[in-house]
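Here the structure is a predicted model, which is why all the values come from computation and not from measurement. The chains referred to below are lettered A, B, ... by the order of the sequence lines, with proteins before strands, and numbering in each begins at 1.
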2 protein chains.
Amino acid sequence: MINKLYHEDWQETVKRINPHSVDLIIADPPYGMEFRSNHRYERYDPIHNDNNLDWLGEWVWECQRIMKNNTHLYCFCSFHNIDIFKKELSEWLVVKNILIWEKNNTSMGDLEGDYAPKYEMIIFCVKGKRKLNGRRDSNIIYSQRTQNKLHPTQKPTKLIRYLVGKSTEEGDIVYDPFMGSGTTAIACIREKRNWIGSEINIQYVNTANDRINVELNQLTLF
Amino acid sequence: MINKLYHEDWQETVKRINPHSVDLIIADPPYGMEFRSNHRYERYDPIHNDNNLDWLGEWVWECQRIMKNNTHLYCFCSFHNIDIFKKELSEWLVVKNILIWEKNNTSMGDLEGDYAPKYEMIIFCVKGKRKLNGRRDSNIIYSQRTQNKLHPTQKPTKLIRYLVGKSTEEGDIVYDPFMGSGTTAIACIREKRNWIGSEINIQYVNTANDRINVELNQLTLF
DNA sequence: ACTACGGTTGAATCCTGAA
DNA sequence: GTTCAGGATTCAACCGTAG
């Protein structure tokens, strides 16, 4: 199954992944933001949302199932849903920290009544215990946004390489359930880790495979 | 009631504050963490921290009761309990953002298996709608820690002045339900705002009043 | 005025050993 | 077995002092 991107929902892929077989999970899930109101007076009926977060509980369970003992999981998250994600992840994993990915510039949003968003959260979880590689870094990680993105929420390759490097060894297996344009695969190739990915959108599957092939071809030149 | 620090629980103080009478609330509540004061040197009074957040729901309700329409609330928080605080605040206020107070250096904690804590969260809430003063700042706020602290979790005066300046006008009333060593009062005096505070620890009440008196005496020199 | 250097700090967590 | 008190621990950033 290794070093392949599967054009299917994560639910299909994890069915074929054995328990205790993955060394790291990096996930950039759909945040489900637009359809959720924090307010007590719900304007939207959650049941009728295409983009609800009902899958979260099952997803966390499957993640901890396929993770080896003493491994990490990173889950990107917006502050809008940090409470829900943290709660669900805590059911089956230990939430050790919430990392702050500080970007080089701010995003859009409420221009007059709000502070400008400049970061994403990354929930850092552990199954069992595991040391981080290298020196003791802080929980604020500065990383420039990706230029010329192929996916709206594409993460910087450097950032993913950093996380992979902190939490795995060469040859380990990294699973990304929402692979998008394939950044996790690229990061793993450069860090000499194995990877598995799921992605339901065929356009992004194609984009990711193109990027991966370019990356592999560059490797064989040496 | 104005420009006074009350030696009592916030529950006692808010009983005497009229509805719709406060322009801003700044709160640095006990986080309710499993906090054992086992620091290198026992330097401060232990914080009243019984790992019990049952008061949160009532507290939020009272806060929104005394807040004028179209005003803000800031609540300091650790990532450990961000889910609980965000959920409770969302019951009666709109959580607009989670600000990150980035400190100049990291804290202690798990030295090998975790990233080093370098920030506190500040939950930014609004009752109704209100514009922020000044330019559009980002939701990551860098501010140096206070030197020679009088309280173990004392916040930088500059940081509180900044928040007061963003969310109130001169002469407005700011309430701090957990005033500690009085930083909010100092910030309000310097920004020409009125203030009300509650603090249950008599030592910190005395410390705060000393600071406040020094501050007021300095003002009368001019 | 500038640099070098020593001293101090941190909303914490793990581990050990005693009760 | 189980709880709990207390000691040890990193290292970047800051301050004050000396040169």
Classify the nucleic acid contact of [X] as base, sugar-phosphate or nothing, counting any heavy atom under 4.0 Å across all strands shown.
| X | value |
| --- | --- |
| B:E112 | nothing |
| B:D28 | base |
| B:K118 | nothing |
| B:Y142 | sugar-phosphate |
| B:K155 | base |
| B:D110 | sugar-phosphate |

Whole angstrom value for the distance that separates [atom2] of [N] from [atom1] of [X]:
| X | N | atom1 | atom2 | answer |
| --- | --- | --- | --- | --- |
| B:W101 | C:dA11 | CH2 | P | 7 Å |
| A:K129 | C:dC15 | NZ | C1' | 8 Å |
| B:R145 | C:dA12 | CZ | C1' | 11 Å |
| B:D114 | C:dC15 | CG | P | 13 Å |
| A:N139 | C:dT13 | CG | P | 11 Å |
| B:L111 | C:dC15 | CG | P | 11 Å |
| A:R135 | D:dA13 | CZ | C1' | 13 Å |
| B:E102 | C:dA11 | CD | P | 14 Å |

Complementary nucleotide of C:dA11, counting Watson-Crick and G-U pairs under 3.5 Å: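 For C:dA11, the partner nucleotide comes out as none, under the 3.5 Å rule.
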
Searching all strands shown, indicate the nucleotide that pairs with D:dT10 (Watson-Crick or G-U wobble; both distances under 3.5 Å).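 Its partner: none found.
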
Do A:I122 and B:Y115 have side chains that approach each other closer than 4.5 Å (heavy atoms only, starting at C-beta)?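 They are not in contact (no side-chain heavy atoms under 4.5 Å apart), so the answer is no.
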
Among the candidates [options], find the nucleotide nearest to the side-chain atoms of [X].
| X | options | value |
| --- | --- | --- |
| B:H80 | D:dC15, C:dT13, C:dA11 | C:dT13 |
| B:M108 | D:dT9, C:dA11, D:dC15 | D:dT9 |
| A:R136 | D:dT10, C:dG10, D:dC14 | D:dT10 |
| B:Q144 | D:dA12, C:dG10, D:dC14 | D:dC14 |

Kindly say whether the aromatic ring centers of B:H151 and B:Y204 come within a distance under 6.0 Å.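 Yes, the ring of B:H151 comes within the 6.0 Å limit of the ring of B:Y204, centre to centre.
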
Classify the ring geometry of B:W59 against B:F178: parallel below 30°, tilted from 30° to 60°, perpendicular beyond 60°.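 Rings of B:W59 and B:F178: tilted, 30 to 60°.
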
Does B:R16 pair with B:E8 as a salt bridge, N-O distance under 4.0 Å?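 Salt bridge flag = yes for B:E8 with B:R16.
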
Is the shortest distance from a Lys or Arg side-chain nitrogen in B:K68 or B:D23 to a carboxylate oxygen in the other one below 4.0 Å?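 Yes.
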
May I ask you to verify if any side-chain N or O of B:S107 is less than 4.0 angstrom from the OP1 or OP2 atom of C:dA11?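 So the side-chain polar atoms of B:S107 do come within 4.0 Å of the phosphate oxygens OP1 or OP2 of C:dA11, strictly under.
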
Phosphate OP1/OP2 of C:dT13 contacted by A:K131 side-chain N/O (<4.0 Å):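 Checking C:dT13 against A:K131, no side-chain N or O comes under 4.0 Å of OP1 or OP2.
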
For a salt bridge (Lys or Arg N to Asp or Glu O under 4.0 Å) with A:E120, tell me which candidate from A:R145, A:K155, A:K103 qualifies.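 Option passing the salt bridge (Lys or Arg N to Asp or Glu O under 4.0 Å) with A:E120: A:K103.
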
Specify the residue among B:N105 and B:P117 whose closest nucleotide of DNA chain C lies further upstream toward the 5′ end.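 With B:N105 and B:P117 compared, the 5'-side residue is B:N105.
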
